[in-house]
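Okay, structure first, notes after.
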Number of protein chains: 4
Amino acid sequence: MPKIIDSEQYRKELLSKCFDLFAEKGYANVTTRQLSKELGVSTGALYHYFSSKKVMFEQLVEEISQQDVRMLSDAAKKAKTLTERIAALEACLIENQDYFVKQAVIWTDFYQHTELEEVLNNPVFKQVDERYEQIMMTLLGLSDAKLARFIWTLINGVLLEQVSTDGILSFTEQIELLMKMLTAYFEKHSTQ
Amino acid sequence: MPKIIDSEQYRKELLSKCFDLFAEKGYANVTTRQLSKELGVSTGALYHYFSSKKVMFEQLVEEISQQDVRMLSDAAKKAKTLTERIAALEACLIENQDYFVKQAVIWTDFYQHTELEEVLNNPVFKQVDERYEQIMMTLLGLSDAKLARFIWTLINGVLLEQVSTDGILSFTEQIELLMKMLTAYFEKHSTQ
Amino acid sequence: MPKIIDSEQYRKELLSKCFDLFAEKGYANVTTRQLSKELGVSTGALYHYFSSKKVMFEQLVEEISQQDVRMLSDAAKKAKTLTERIAALEACLIENQDYFVKQAVIWTDFYQHTELEEVLNNPVFKQVDERYEQIMMTLLGLSDAKLARFIWTLINGVLLEQVSTDGILSFTEQIELLMKMLTAYFEKHSTQ
Amino acid sequence: MPKIIDSEQYRKELLSKCFDLFAEKGYANVTTRQLSKELGVSTGALYHYFSSKKVMFEQLVEEISQQDVRMLSDAAKKAKTLTERIAALEACLIENQDYFVKQAVIWTDFYQHTELEEVLNNPVFKQVDERYEQIMMTLLGLSDAKLARFIWTLINGVLLEQVSTDGILSFTEQIELLMKMLTAYFEKHSTQ
DNA sequence: AATGAATGAGCGTTCATTCAT
DNA sequence: TATGAATGAACGCTCATTCAT
């Protein structure tokens, strides 16, 4: 029980430690006792850093979205042509497969456990949603926001499939297939 | 004998009545009291027909898969060419949009609340998974099981997106887009 | 664990059983576990009959006020002259000393743990307050509501004193003294 | 030596600052965090000056009793006849109405949260009780200790009534009425 | 077959108190 | 002295499940 000096720093550490637990069991199936045990602190300490389990989860979701943006932004930097961009996205997803699967699970869980009105009115989540749209537009050099969002939707579909099959189906294969579909679609619809 | 039939019939009625509740609130957020109230029976009666809440949910999932197969089979009957088949799938999904969204939510919820090992070892769910694979193969006239499964995965991605945006994004548009992508992919890869 | 048939009846029994506990320890110092143990039921059963600890306490307060009115009404019946009325009040208080002391403690506790606005706006408690006023007016044949209320106030002072001294000071003596004061006051101010 | 004096002085300052908080919310409803925030110190500092919340409360009660004695003693100084004494008591109570109401609340709270045996065996509180008795005897020139104590009891009844009605009933009126009763009683029983 | 009262482990949360700094 | 992060027992309450009727 060393005394924590950088409180903000420690809060983020706690968040990153609870990522796996929430991803594996889901919000409703993780108890605060499990959380505190896993994080190596008392339940009281948890409430010192987060005003409730719900708030903790929300802050985790926020944290994740920032990390996603960071990862995908980095992936986009070197790619120039559409083919290169698609390859870069594919590589980033495959490289960070475990992370992205967990992330997708947590988002799904979040939407499932939050009142819709609350989600839609929450400025943080509006912004997060827009960030995903934006990053997909930038990454693939698209001008159509809906298309960008749609591609992210399909990726999420593949990520969530991993959960239900525990990776029996090859993630790499599926992402490659998805990217081939995208390529076919772009080829067909950009030349017309 | 007639009593058993009635009882079985009644069990199925109860299941279909709890579909909406589970889809809207999620497994963990529905209490047995809510269920019994909604179904118009006592909690005791619920336990007469289902040995636990979990079993009830599992039987619902099974029931859903059978209904899915029925709906998609019907859709496939008249279609002959690949284009017609894709159109039929699109029409079926759009026509039963609400149902399929709820169904996808329930499946996701199910996987999130069940230990993986349990899912993978459960013969019922193995079979259900295979049924989805089979129906997509039949419907689209595919010989590649993985591809069939993959398409179902993408459809699920679009269905779940509806939940998080509450239909702000047009489901019809997205399904159409997905079908266009499939068409482009098939065109490109069947001629090679 | 016999199954309770007359639910309403049983609820009242539970209330009367928790009277002593609340009076001896005070609302905040009685836990629901203590209550359930003392009442011989599970904590769950408590919540079957009362929606919260607070509601339980409020219903107890209501129940008490009704009982008070009953006791004091009975006391008033036979008395005719002012002297007789005062004697009847004195007798009733002394006879039911333990009950009235506990009742006073619970009221005090209630006011101490409830937001004032809530008390003042609560129709039940308004009514209860008026009942005490009314019963004192009837009992002593007064037309002055404020005087009636004031006398009840003084009686409560004596009742609460018993708590802090645990009856070292004779309750009987003090009530007699209070009644003498009342008599002296009435004699002086009715002849003028 | 000067440090000790400062420390002692500071302790008393802290006590006087927490008077309002305890009076308004009650012992059980004030947390040590609230206390430390209100007093402008850390929770650690609180425990430097007081070994526990309970001890803090007890010392406050003691402090109050000393202040009461001081106020009532001052009131008694100039009064000579019984009529003057009663008027002086009345004036003192009315003038310091807010203080005396809070004080009565805290005493009541104290008795409600302390085991009786503990109160009765605690030399400090024995002494405090006697001080009240003494001051009432001195103030009213009484030789009967029980009568003195009884009058203080009635005054407390009126003070506590203020809490439950939030001053809707005039405190001044009620104290005047009480003093009239006392006068009537003294007149009747001193001439016999 | 059906009821709903009863159970009690376990939940999220609080808070008096401690102690490393 | 003084701080406030950390503790963990205990709180009010929930709810899947059982069982007397």
Side-chain angles (χ1 to χ4, degrees), chain A residues 1-7 10-11 27-37 40-56, chain B residues 3 6-7 10 27-37 40-57, chain C residues 1-7 10-11 27-37 40-56, chain D residues 3 6-7 10 27-37 40-57:
Chain A
M1 49 172 136
K3 202 170 166 177
I4 297 305
I5 297 304
D6 190 338
S7 190
Y10 193 55
R11 223 197 73 249
Y27 177 79
N29 293 315
V30 177
T31 70
T32 52
R33 277 162 189 70
Q34 279 179 307
L35 276 168
S36 61
K37 197 176 176 186
V41 299
S42 64
T43 57
L46 235 51
Y47 283 83
H48 184 72
Y49 290 101
F50 308 97
S51 57
S52 70
K53 183 187 169 190
K54 197 182 176 203
V55 161
M56 192 177 189
Chain B
K3 275 211 171 176
D6 283 348
S7 179
Y10 192 49
Y27 177 80
N29 293 317
V30 176
T31 68
T32 51
R33 276 168 186 65
Q34 279 178 305
L35 277 169
S36 61
K37 197 178 173 185
V41 299
S42 64
T43 56
L46 232 53
Y47 279 82
H48 181 73
Y49 290 102
F50 308 96
S51 58
S52 72
K53 184 187 170 188
K54 201 182 174 197
V55 161
M56 191 177 187
F57 191 60
Chain C
M1 46 172 137
K3 200 168 167 180
I4 297 305
I5 298 303
D6 190 339
S7 189
Y10 192 54
R11 223 196 74 248
Y27 177 80
N29 294 314
V30 176
T31 70
T32 52
R33 278 164 188 68
Q34 279 179 307
L35 276 168
S36 61
K37 197 177 175 184
V41 297
S42 64
T43 56
L46 236 51
Y47 282 84
H48 183 73
Y49 291 100
F50 308 97
S51 57
S52 71
K53 184 186 170 191
K54 198 182 176 205
V55 161
M56 191 178 188
Chain D
K3 276 212 170 174
D6 282 348
S7 177
Y10 192 49
Y27 176 81
N29 294 316
V30 176
T31 68
T32 51
R33 275 168 190 64
Q34 279 179 305
L35 277 168
S36 61
K37 195 178 175 186
V41 299
S42 65
T43 55
L46 231 55
Y47 278 82
H48 180 74
Y49 290 103
F50 308 96
S51 57
S52 72
K53 183 186 170 189
K54 200 180 176 197
V55 161
M56 191 178 187
F57 191 60

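A, B, ... follow the sequence lines: proteins, then strands. Residue 1 opens every chain.
Judged by the 6.0 Å and 45° rule, D:Lys53 forms a cation-pi pair with D:Tyr27.
Look at CG on B:Asn29: it is 15 Å from P on E:dC11, rounded to the nearest Å. Rounded to whole angstrom, the span from the CG atom of B:Leu46 across to the C1' atom of E:dA5 amounts to 16 Å. Atom-to-atom, CZ of C:Phe50 to C1' of E:dA6 comes out at 15 Å; the value is rounded to the nearest Å. Atoms NZ (B:Lys53) and P (F:dT14) sit 15 Å apart, rounded to a whole Å. Atom NE2 in C:His48 sits about 14 Å away from atom C1' in F:dA20, given to the nearest Å. Remark: P of F:dA16 and CE of B:Met56 are 11 Å apart, rounded to the nearest angstrom. The CZ atom of A:Arg11 sits 13 Å away from the P atom of F:dA5 (whole-angstrom rounding). If you take CG of C:Leu35 and P of F:dC11, they are 11 Å apart, rounded to a whole angstrom.
Proximity note for B:Ala45 (side chain, C-beta onward) versus F:dT1, F:dC13, E:dA2: the nearest is E:dA2. Here the nucleotide nearest the side chain of A:Tyr10, chosen from F:dA6, F:dC13, E:dT13, is F:dA6.
Nucleic acid contact for D:Ser36: none, since no nucleic acid atom lies under 4.0 Å from a heavy atom of the residue. Using a 4.0 Å heavy-atom criterion, one finds that D:Tyr49 contacts the sugar-phosphate atoms exclusively. C:Thr31 comes within 4.0 angstrom of sugar-phosphate atoms only, judged by non-hydrogen atoms across all strands, and of no base. Looking at heavy-atom distances under 4.0 Å, B:Thr32 makes contact with a base. Among the protein residues, A:Val55 comes within range of no part of the nucleic acid, since none of its heavy atoms lies under 4.0 Å from any strand.
Between B:Tyr47 and E:dA2 there is no side-chain N or O to OP1 or OP2 distance below 4.0 Å.
Nearest heavy-atom pair, D:Ala28 versus C:Ala28, reported as atom, atom and distance to 0.1 Å: CB-CB, 3.8 Å. Taking every heavy atom of both residues into account, B:Ser51 and B:Val55 meet most closely at OG-CG2, 3.5 Å. The two residues C:Ser7 and C:Tyr49 make their nearest non-hydrogen contact at OG-CE2, 3.4 Å. Scanning all heavy atoms of the two residues, the minimum distance from D:Thr43 to D:Ser36 falls at CG2-OG, 3.5 Å. Scanning both residues, D:Gln34 and D:Asn29, for their nearest heavy atoms gives OE1-O, 3.4 Å. Here the closest non-hydrogen pair linking A:Leu46 and A:Thr32 is CD2-O, 3.7 Å.
For A:Arg33 and E:dG12, a side-chain-to-base donor-acceptor distance below 3.5 Å is present, hydrogens and geometry of angles not being considered.
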* To do: Report the secondary structure of DNA chain F in dot-bracket form, marking unpaired bases with a dot and bases paired to a different strand with |, and treating Watson-Crick or G-U pairs with both distances under 3.5 Å as paired.
  => .||||||||||||||||||||
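With the nearest nucleotide of DNA chain E identified for both C:Gly44 and B:Ser42, B:Ser42 has the one nearer the 5' end. Mapping C:Thr43 and D:Thr43 onto DNA chain F by nearest heavy atom places D:Thr43 at the nucleotide closer to the 5' end.
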* **side chain to side chain contact (heavy atoms under 4.5 Å, CB included) assessment of A:Leu35 paired with A:Phe50** => CA-CA 12 Å; A:Leu35 276 168; A:Phe50 308 97; over 6 Å; no
